[in-house]
Undergrad: 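Supplied in structure tokens, the structure appears directly below.
In this chain, numbering begins with 1 at the start of the sequence shown. In this text, all values refer to a predicted model and were calculated from it rather than measured experimentally. Quick note: numbers below take in every heavy atom, side chains included, and nothing from hydrogens, waters or symmetry partners. Order of appearance sets the numbers: ligands from 1, and atoms from 1 within every ligand.
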Amino acid sequence: MKRRAIYPGSFDPLTNGHLDIIERACHLFDEVTVAILVNPNKAPMFTVEERIEILHEVLDAKFAQVNIDTFSGLLAEYAMKKRAQAVVRGIRAISDYEYELQMALMNRRLAPSVETIFLMAPQEYSFISSRLVKEVFKLGGSVEGFVPPFVIERMKNKI
Ligand code: ADP
């Protein structure tokens with residue numbers, strides 16, 4: 001049986017922290033779906049289409065078992081529909097833990113067959129978030145080393 005995992009998130013934009021989680025998830029699962037949550041309430045830097053394009057550009061050549069998708073609504077339902085055994089999430093600090101625990105317990109209630117797997121961020125990426133990367137970039141700071149070079153190019157095109 002194929003072991004499938006979903007790695008859900010906003011990926012606005014994809015960071016090296018996300019990439020690290022994706023690479024490690026590939027060691028654990030036969031198939032990893034990076035799933036962009038379509039959230040109409042958020043004002044993103046990149047449209048969903050742009051984020052899909054970035055993910056393909058950065059991931060396709062590197063990871064044969066990764067596929068890219070979008071979803072809206074309940075993650076638990078999406079994971080069951082995809083017949084995934086697991087949802088992968090990254091934990092950077094204690095501040096992530098509280099929210100992630102709540103989500104994992106709710107998702108277990110909604111989809112008991114789907115396990116949530118947490119991967120700890122390595123120290124060098126533990127302070128990186130899409131939000132902070134966008135903030136630093138907008139204020140003129142360098143985001144080199146925090147996101148893939150292709151993402152930097154796309155961010156530059158935005159302004
Ligand atoms: P969300 O908006 O759902 O937090 P993100 O795209 O920011 O979506 O993050 C998706 C997942 O990746 C979350 O589990 C988050 O904790 C994790 N993550 C984000 N940045 C990092 C990082 N630097 N290192 C490890 N995990 C991370």
Undergrad: What protein heavy atom sits nearest atom 21 (C) of ligand 1, and how far off is it?
TA: Arg92 CD, 3.6 Å
Undergrad: For atom 3 (O) of ligand 1, find the nearest protein heavy atom and state the residue, atom name and distance (0.1 Å precision).
TA: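 Checking every protein heavy atom, the shortest distance to atom 3 (O) of ligand 1 gives Arg89 NH2, 3.4 Å.
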Undergrad: Phe11 to ligand 1: N or O pair under 3.5 Å?
TA: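 The answer is yes, given that Phe11 and ligand 1 share an N or O pair closer than 3.5 Å.
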Undergrad: Determine the interplanar angle of the Phe11 and His18 rings, folded into 0 to 90°, and report it as parallel if under 30°, tilted if 30 to 60°, perpendicular if over 60°.
TA: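 Answer is perpendicular, since the angle exceeds 60°.
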Undergrad: For the residue pair Ile117 and Ala86, what are the closest heavy atoms and their distance?
TA: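 Heavy atoms only, the tightest pair is CG1-CB, 3.8 Å.
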Undergrad: Please report the interatomic distance OH(Tyr97) to CZ(Arg89), rounded to the nearest 0.5 Å.
TA: 14.5 Å
Undergrad: Of all the heavy atoms in Lys42, does at least one lie under 4.0 Å from an atom in ligand 1?
TA: yes
Undergrad: Asp12 versus ligand 1: do any nitrogen or oxygen atoms come within less than 3.5 Å of each other?
TA: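 It does not: no N or O of Asp12 is found under 3.5 Å from an N or O of ligand 1.
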Undergrad: Measure the CE-CD distance between Met103 and Glu100 for me, rounded to the nearest 0.5 Å.
TA: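 Going from CE on Met103 over to CD on Glu100, the span is 7.5 Å.
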Undergrad: Establish, yes or no, whether a centroid distance under 6.0 Å links the rings of Phe146 and Phe127.
TA: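 They qualify: ring centres under 6.0 Å apart.
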Undergrad: For Glu115, give me all partners under salt bridge (Lys or Arg N to Asp or Glu O under 4.0 Å), at least two apart in sequence or on another chain.
TA: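 Salt bridge (Lys or Arg N to Asp or Glu O under 4.0 Å) check on Glu115 returns Arg108.
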Undergrad: Could you check whether any heavy atom of Tyr7 sits closer than 4.0 Å to an atom of ligand 1, since that is the contact criterion I want to use?
TA: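 Per 4.0 Å heavy-atom rule, Tyr7 contacts ligand 1.
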Undergrad: Tell me which part of Arg131 gets within contact of ligand 1: side chain, backbone, both or neither, using heavy atoms under 4.0 Å.
TA: neither
Undergrad: Closer than 4.0 angstrom: is that true for some heavy atom of Pro8 and an atom of ligand 1?
TA: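 Within the 4.0 Å threshold, so yes.
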Undergrad: Any N/O of Ser10 closer than 3.5 Å to an N/O of ligand 1?
TA: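 Between Ser10 and ligand 1 (N or O atoms, distance only) the closest approach is under 3.5 Å.
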Undergrad: Say whether Glu100 and ligand 1 are in contact under the criterion: heavy-atom distance to a ligand atom below 4.0 Å.
TA: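 So Glu100 counts as touching ligand 1.
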Undergrad: Can you check which of Ser95, Ala121, Ser129 brings a heavy atom nearest to atom 25 (C) of ligand 1?
TA: Ala121
Undergrad: Might you point out which heavy atoms bring Asp96 and Ile91 nearest each other, and give the distance in Å?
TA: OD2-C, 3.8 Å
Undergrad: So if I count the atoms of ligand 1 from 1 in the order they appear, which ones are less than 4.0 Å from some heavy atom of Gly9?
TA: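 Checking each atom against Gly9, I get 3 (O), 6 (O), 8 (O), 10 (C).
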Undergrad: Looking at Arg4 and Asp30, would you say the former's side chain and the latter's main chain have a donor-acceptor pair under 3.5 Å?
TA: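 Pair absent, no side-chain N/O of Arg4 close to backbone of Asp30.
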Undergrad: Supply the atom-to-atom distance Met45 CE to Lys158 NZ, rounded to the nearest 0.5 angstrom.
TA: 7.5 Å
Undergrad: Which ligand 1 atoms does Ile128 reach within 4.0 Å, using its non-hydrogen atoms?
TA: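 So the atoms of ligand 1 that pass are 20 (N), 21 (C), 22 (C), 23 (N).
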Undergrad: When you measure from atom 15 (C) of ligand 1 to each heavy atom in Ala93, Gly90, Pro122, which option holds the nearest one?
TA: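 Shortest heavy-atom distance from atom 15 (C) of ligand 1: Gly90.
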Undergrad: Does a side chain donor of either Asp69 or Thr33 reach within less than 3.5 Å of an acceptor in the other side chain?
TA: no
Undergrad: N/O to N/O below 3.5 Å, does that happen between His18 and ligand 1?
TA: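 By distance alone, the answer is yes.
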Undergrad: Which atoms of ligand 1 are found less than 4.0 Å from any heavy atom of Ile21?
TA: 25 (C), 26 (N)
